[in-house]
Amino acid sequence: RFLVTASLSITEPMAAAGKAAIIVPLIIGGAIIAAAFLLWHSHALKLRVAEMAQAEEEVRVNLRKAYRALRDFRPEAALDEVRLAESKMKRRRTGWPTDYGEWKMALLMIEGEADFMIDAPGRAAASEAKFSQALDRMIHASGEIWQFGILGRARARLEQKKWREAEK
């Protein structure tokens, strides 16, 4: 009887030690896995932010090239740059859009001006529509960009012989 009681009192601490020997590594392993996941997740977020910043810069470059092409009276080249910028904007839009509306407005104005430069009588209606869309997207109704949009739309309306609407 003494041996049975003694063996039970010895096995209970050993059982507790055995449980600790199993639970402690599980807790440590779980902490290591959680830390690795957090590191991976923060790295993935940093990569996504870097990709979005790169796409933003590519869109800015395309916008500058499109403006330069318009200045050099090369409307087809400007439209090509607009298409490239739009494809990059679609790729970027999966993230959080910061100034997507402003970019879209600028691209619409470039498209409207390029359409007008290519064939004023034939594309005046399309040019007017693009300038109107750009003006509708504007938040502030002032500044040079607003005036550029108003003048572009008025030129397109004059080309279509919409005299009264051109005044607006």
Side-chain angles (χ1 to χ4, degrees), residues 29-168:
I32 290 172
I33 290 171
F37 173 77
L38 290 174
L39 284 173
W40 170 81
H41 186 65
S42 67
H43 180 70
L45 285 176
K46 287 178 185 175
L47 282 176
R48 185 162 184 191
V49 168
E51 288 171 0
M52 288 171 49
Q54 180 181 358
E56 286 179 10
E57 185 56 33
E58 289 172 1
V59 170
R60 285 188 192 98
V61 167
N62 288 116
L63 278 171
R64 286 192 290 271
K65 287 180 181 178
Y67 280 125
R68 195 174 306 121
L70 281 179
R71 259 194 347 250
D72 297 339
F73 298 104
R74 296 182 302 123
E76 289 87 4
L79 287 174
D80 290 341
E81 291 298 331
V82 165
R83 287 186 200 101
L84 281 172
E86 284 179 335
S87 69
K88 291 172 185 171
M89 286 169 61
K90 286 178 186 169
R91 180 181 59 173
R92 180 192 177 274
R93 197 158 186 211
T94 59
W96 50 88
T98 53
D99 50 354
Y100 178 79
E102 292 178 13
W103 289 349
K104 186 63 179 171
M105 179 223 27
L107 293 174
L108 284 166
M109 289 184 130
I110 292 170
E111 278 184 295
E113 188 62 30
D115 280 345
F116 195 79
M117 288 173 78
I118 290 171
D119 180 20
R123 294 190 181 189
S127 180
E128 176 190 356
K130 294 207 173 117
F131 278 114
S132 294
Q133 286 177 359
L135 290 169
D136 289 344
R137 287 181 177 267
M138 286 191 190
I139 297 170
H140 307 293
S142 63
E144 293 174 3
I145 296 175
W146 175 263
Q147 293 170 359
F148 178 75
I150 293 290
L151 288 173
R153 185 172 63 183
R155 279 193 353 252
R157 287 177 175 172
L158 285 173
E159 191 65 40
Q160 298 174 70
K161 298 181 178 34
K162 296 180 179 178
W163 314 116
R164 295 279 182 212
E165 290 177 16
E167 293 176 349
K168 298 175 186 176

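As the structure is a prediction and not an experimental result, all values here were calculated from the model.
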**OP:** Check Met117 against Phe73 and note the closest heavy-atom contact, atom names and distance.
**Re:** CE-CD2, 3.3 Å

Subject >> Test item: Gln133 and Glu111 side chains (from C-beta on) under 4.5 Å apart, heavy atoms >> reply: no

Original post:
How far does CD of Glu159 sit from CG of Asp119, to the nearest 0.5 angstrom?
Top reply: 8.5 Å

Original post:
What distance separates Ser87 OG from Asn62 CG, expressed to the nearest 0.5 Å?
Top reply: 7.5 Å

Original post:
Which heavy atom in Ala134 sits nearest to a heavy atom in Met109, and how many Å separate them?
Top reply: CB-CG, 3.5 Å

Original post:
Ala166 and Ala154: which non-hydrogen atoms are nearest, and at how many Å?
Top reply: O-CB, 3.6 Å

Original post:
Is Glu58 salt-bridged to Lys65, going by a charged N under 4.0 Å from an acidic O?
Top reply: no

**OP:** For Glu165, check side-chain contact (heavy atoms from CB on, under 4.5 Å) against everything at least two apart and list the hits.
**Re:** Glu128, Arg157, Lys162

Original post:
Taking all atoms of both residues into account, what is the closest heavy-atom pair of Ala69 and Ala78, and its distance?
Top reply: CB-N, 3.6 Å

**OP:** Would you mind telling me which of Arg155, Arg123, Arg153 makes a salt bridge (charged side-chain N to carboxylate O under 4.0 Å, His left out) with Asp115?
**Re:** Arg123

Subject >> Under-4.0 Å salt bridge between Lys88 and Glu56 >> reply: no

Original post:
With sequence neighbours left out, which residue pairs that include part of residues 71-82 fulfil the salt bridge (charged side-chain N to carboxylate O under 4.0 Å, His left out) condition?
Top reply: Asp80-Arg83

Subject >> Which atom of Phe116 lies closest to which atom of Ala156, heavy atoms considered >> reply: CE1-CA, 3.7 Å

Original post:
Is there side-chain contact between Leu158 and Trp163, with at least one heavy-atom pair below 4.5 Å?
Top reply: yes

**OP:** Please report the shortest heavy-atom distance between Ala85 and Val59, naming the atom on each side.
**Re:** O-CG2, 3.9 Å

**OP:** Kindly compute the distance separating CD1 (Ile110) from NZ (Lys130), expressed to the nearest 0.5 Å.
**Re:** 12.0 Å

**OP:** Sequence neighbours left out, what passes ring-ring contact (aromatic ring centres under 6.0 Å, His included) with Trp40? Give chain and number order.
**Re:** Phe37

Original post:
Residues two or more places apart in sequence or in another chain: which of them pass side-chain contact (heavy atoms from CB on, under 4.5 Å) with Ala106?
Top reply: Leu63, Tyr67

Original post:
Which distance, rounded to the nearest 0.5 Å, do you find between the CG of Leu84 and the CG of Leu79?
Top reply: 11.5 Å

Subject >> Arg68: partners by side-chain hydrogen bond (donor to acceptor under 3.5 Å, both in side chains), with sequence neighbours left out >> reply: none

